[in-house]
**Q** 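Can you read through this structure? Questions will come right after.
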Protein chains: 2
Amino acid sequence: MAKRTETPGRLDDAARAGWLYYVAGRTQDEIASTMGISRQSAQRLVSLAVAERLIKVRLDHPIAACLELGYELREKFDLKHVEIVPSDPGASSTTVGIAEAAAAEIERWLRRPDPIVLAIGTGRTLKAAVDQLPTIECPNHRIVSLTGNITPDGSAAYYNVIFSMADAVKARHFPMPLPVLASSAEERELLHGQQLVRSTLKISAQADVTFVGIGELGTDGPLCVDGFLAKDEMIELMREGAVGEICGWIFDGNGKLLDNPINERVASAPIPSRETSTVIGIAKGKRKFQAIRAAVVGRQVNALITDEEAAEFLLNA
Amino acid sequence: MAKRTETPGRLDDAARAGWLYYVAGRTQDEIASTMGISRQSAQRLVSLAVAERLIKVRLDHPIAACLELGYELREKFDLKHVEIVPSDPGASSTTVGIAEAAAAEIERWLRRPDPIVLAIGTGRTLKAAVDQLPTIECPNHRIVSLTGNITPDGSAAYYNVIFSMADAVKARHFPMPLPVLASSAEERELLHGQQLVRSTLKISAQADVTFVGIGELGTDGPLCVDGFLAKDEMIELMREGAVGEICGWIFDGNGKLLDNPINERVASAPIPSRETSTVIGIAKGKRKFQAIRAAVVGRQVNALITDEEAAEFLLNA
DNA sequence: TCCTCTGGTGAGTAATTGCTCATGGGCAAA
DNA sequence: TTTGCCCATGAGCAATTACTCACCAGAGGA
């Protein structure tokens with residue numbers, strides 16, 4: 001709140017100093033001498049001009065809107081990191097743009113000198129992101145997959161991204177030698193009891209950063225298309241309120257994991273702690289709006305890479 | 001001139017860094033670590049953002065002294081609009097400050113919802129102002145150049161600002177496909193008789209608002225430097241009493257257009273009516289004092305954007 | 001193929017800016 | 001008038017930013 005008793009001329013001086021500093025580009029020393037005051041006073045006037053919002057800065061570039069949205073999202077949902085890429089209204093692709101952004105973010109983590117554990121989920125978006133990665137040598141890091149790499153028919157899952165990642169990144173990789181869905185809760189326990197799986201699960205729990213795609217449900221969503229769930233199972237799930245999934249873990253509109261037989265069969269590692277690590281959800285596109293919102297409000301993720309369109313939805317929803 | 005070949009992502013990065021620095025108020029160190037680059041690179045991106053004019057700074061406070069001067073000028077010379085910016089005693093630039101103010105004024109006009117015709121002259125000051133414009137969409141407005149865009153040597157005139165304007169502002173633009181000076185009065189008539197030119201001239205006569213630079217004469221003034229007039233022609237003109245020019249139209253100390261062969265060759269459109277529209281002159285600097293005074297007293301303009309120094313001269317002259 | 005040139009990088013350093021603290025003047029209340 | 005408070009001031013110092021230099025990688029031409 002501006003002081004009522006503010007000397008009337010003082011704001012004027014602040015404006016003048018701010019003008020000389022920001023518009024005319026003089027140093028505070030020069031301002032001090034032309035205004036006949038000490039350097040410190042000039043500094044104070046300049047910062048007063050800023051504090052009183054006399055100085056308006058704006059950025060004339062499309063990115064500005066994205067940064068703005070990102071900032072608001074970070075505040076609203078208490079996220080650790082948000083990245084918004086411009087929407088391309090015409091494009092129907094669910095990966096263009098965010099794949100590059102996600103790749104850049106993955107790369108930033110991998111370039112860290114201190115050893116980290118990077119966990120990674122699955123899905124088309126992540127695959128596209130990983131395909132954007134340059135070759136990097138980072139022998140200190142460990143990369144672990146959260147999801148199994150065996151499909152119901154026994155073949156390797158195409159969208160299991162850890163192998164694509166291994167092509168580009170020279171680091172120790174830990175795939176998950178499991179199907180995505182076990183046939184029963186008991187089978188899952190059995191599988192998770194295996195020595196190899198247990199150690200991989202243990203590593204995944206230590207992840208410093210996790211990249212996951214956020215999947216929408218629906219009979220033409222990835223879980224159905226890729227044959228993990230039958231159509232009637234999907235319909236039943238949606239009737240129970242399910243709106244999205246991460247690594248196979250199905251959650252409702254509030255982002256709570258569903259308490260139902262499917263989730264008991266999910267063989268993926270649990271999503272690493274959102275308390276102690278960064279879990280970055282990656283998704284865009286109208287069909288995923290509800291899933292993204294649920295994942296964020298239910299704190300299945302604590303960081304987000306998405307596009308303008310989805311960001312606006314999240315802010316207004 | 002910005003490199004066309006600028007790596008496309010680089011300006012994006014610069015914008016991002018600039019936003020983080022100026023809008024979000026982060027330090028360059030923080031920016032460096034969030035963007036995964038070195039501190040020096042972050043600094044470079046920030047300064048690139050400034051250099052490429054992605055960052056627009058504006059002072060949103062009427063400085064009392066300037067307001068006062070503006071009011072007195074408006075009264076004394078019966079002007080429709082006066083804007084005074086602070087003087088920077090040290091600076092030799094003839095554009096710093098008024099360019100931003102002029103850009104703000106142009107923007108105010110362009111943001112009007114009802115369709116207007118905005119006419120624009122030429123010159124370094126106007127160019128600098130237009131470079132400050134953000135991108136605006138205003139399909140309802142028409143923007144017309146008063147001066148030709150062809151130099152004596154046949155190349156496009158650099159300081160013909162309508163093309164810079166077209167980069168920033170999405171509106172219908174009407175350049176003037178003429179030289180600045182015709183070789184003779186007859187040639188001018190011939191040129192002005194062309195259909196295309198006639199329709200452009202007609203639009204310019206309907207201008208709701210006009211922005212023109214006020215040029216000083218002198219052998220190192222713009223008309224000579226840019227090669228429109230030879231030195232001896234200039235000397236002759238000055239002996240006849242010429243002190244300034246607007247769009248090439250040369251006037252004497254009382255602001256009366258000179259009745260001489262040069263003015264008969266000026267191919268620019270006439271300055272739109274000061275009775276029915278707003279014609280804003282933009283100029284500052286000691287060398288232009290006489291030209292500004294003449295333009296104002298002779299009512300070649302009926303509005304003014306200048307600086308404190310010139311305003312004081314006008315009040316005391 | 002080699003050379004050159006452009007443009008980017010990191011390091012080091014100088015310049016500039018921001019912060020804290022002790023001081024003192026002005027003003028209102030006692 | 002005196003007291004006490006507020007806040008502007010200047011100094012010194014820490015943090016931050018800008019600049020220069022030497023070097024490197026890739027593009028393009030001889």
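The chains referred to below are lettered A, B, ... by the order of the sequence lines, with proteins before strands, and numbering in each begins at 1. Keep in mind it's a predicted model, so treat the numbers as computed, not measured.
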**Q** Step through the shown structure and confirm whether more than 12 heavy atoms of other residues, nucleotides or ligands are within 6.0 Å of CD on A:Glu275.
**A**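 Not buried by this count: 12 neighbours or fewer within 6.0 Å.
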**Q** For a salt bridge (Lys or Arg N to Asp or Glu O under 4.0 Å) with B:Arg58, tell me which candidate from B:Glu107, B:Glu100, B:Glu105 qualifies.
**A** B:Glu107
**Q** Within the structure, does a side-chain N or O atom of B:Thr27 lie under 4.0 Å from either OP1 or OP2 of D:dT16?
**A** no
**Q** State whether the side chain of A:Ser277 and the backbone N or O of A:Arg274 hold a donor-acceptor pair below 3.5 Å, judged by distance alone.
**A** no
**Q** OP1 or OP2 of D:dT17 less than 4.0 angstrom from a side-chain nitrogen or oxygen of B:Tyr21, does that happen here?
**A**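 It does, given that an N or O in the side chain of B:Tyr21 lies less than 4.0 Å from OP1 or OP2 of D:dT17.
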**Q** Under 4.0 Å between a side-chain N/O of B:Gln40 and OP1 or OP2 of D:dT17, yes or no?
**A**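 No.
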**Q** C:dC19 C1' sits how many Å from A:Arg39 CZ, rounded?
**A**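 After rounding, the reported distance stands at 11 Å.
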**Q** Closer to the 5' end of DNA chain C via nearest nucleotide, is it A:Asp29 or A:Arg44?
**A** A:Asp29
**Q** Can a side chain N or O of B:Ser41 be found less than 4.0 Å away from OP1 or OP2 on C:dG8?
**A**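 Negative; the distance criterion is not met.
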**Q** Nearest whole Å is fine: how far is C:dG8 C1' from B:Ile37 CD1?
**A**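 Rounded to the whole Å, the gap is 12 Å.
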**Q** Within a radius of less than 6.0 Å around OH of A:Tyr71, do more than 12 heavy atoms belonging to other residues, nucleotides or ligands occur?
**A**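 No, the 6.0 Å shell around OH holds no more than 12 heavy atoms from other groups.
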**Q** Give a yes/no answer on whether the side chain of A:Ser38 brings an N or O atom under 4.0 Å of OP1 or OP2 in D:dG10.
**A** yes
**Q** Rounded to whole Å, please give me the gap between CG in A:Leu45 and C1' in C:dG18.
**A** 14 Å
**Q** Using whole Å, report how far CD1 of A:Ile31 lies from P of C:dT17.
**A** 7 Å
**Q** Is it the case that A:Arg112 places NZ or CZ above or below the six-membered ring of A:Trp109, under 6.0 angstrom from the centre and within 45 degrees of the axis?
**A** yes
**Q** Whole angstroms only, please: what is the CE-C1' distance between B:Met35 and C:dG8?
**A**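 For the pair B:Met35 CE and C:dG8 C1', the rounded distance is 15 Å.
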**Q** Please give, in whole Å, the distance from C:dG10 P to A:Arg111 CZ?
**A**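 About 11 Å, once rounded to whole Å.
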**Q** Could you give the CD-to-C1' distance, from B:Gln43 to C:dT13, as a whole number of Å?
**A**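 Spelled out: CD on B:Gln43 to C1' on C:dT13 is 13 Å.
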**Q** How close or far is atom P of D:dA11 from atom CD of A:Gln28, stated in whole angstroms?
**A**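 After rounding, the reported distance stands at 16 Å.
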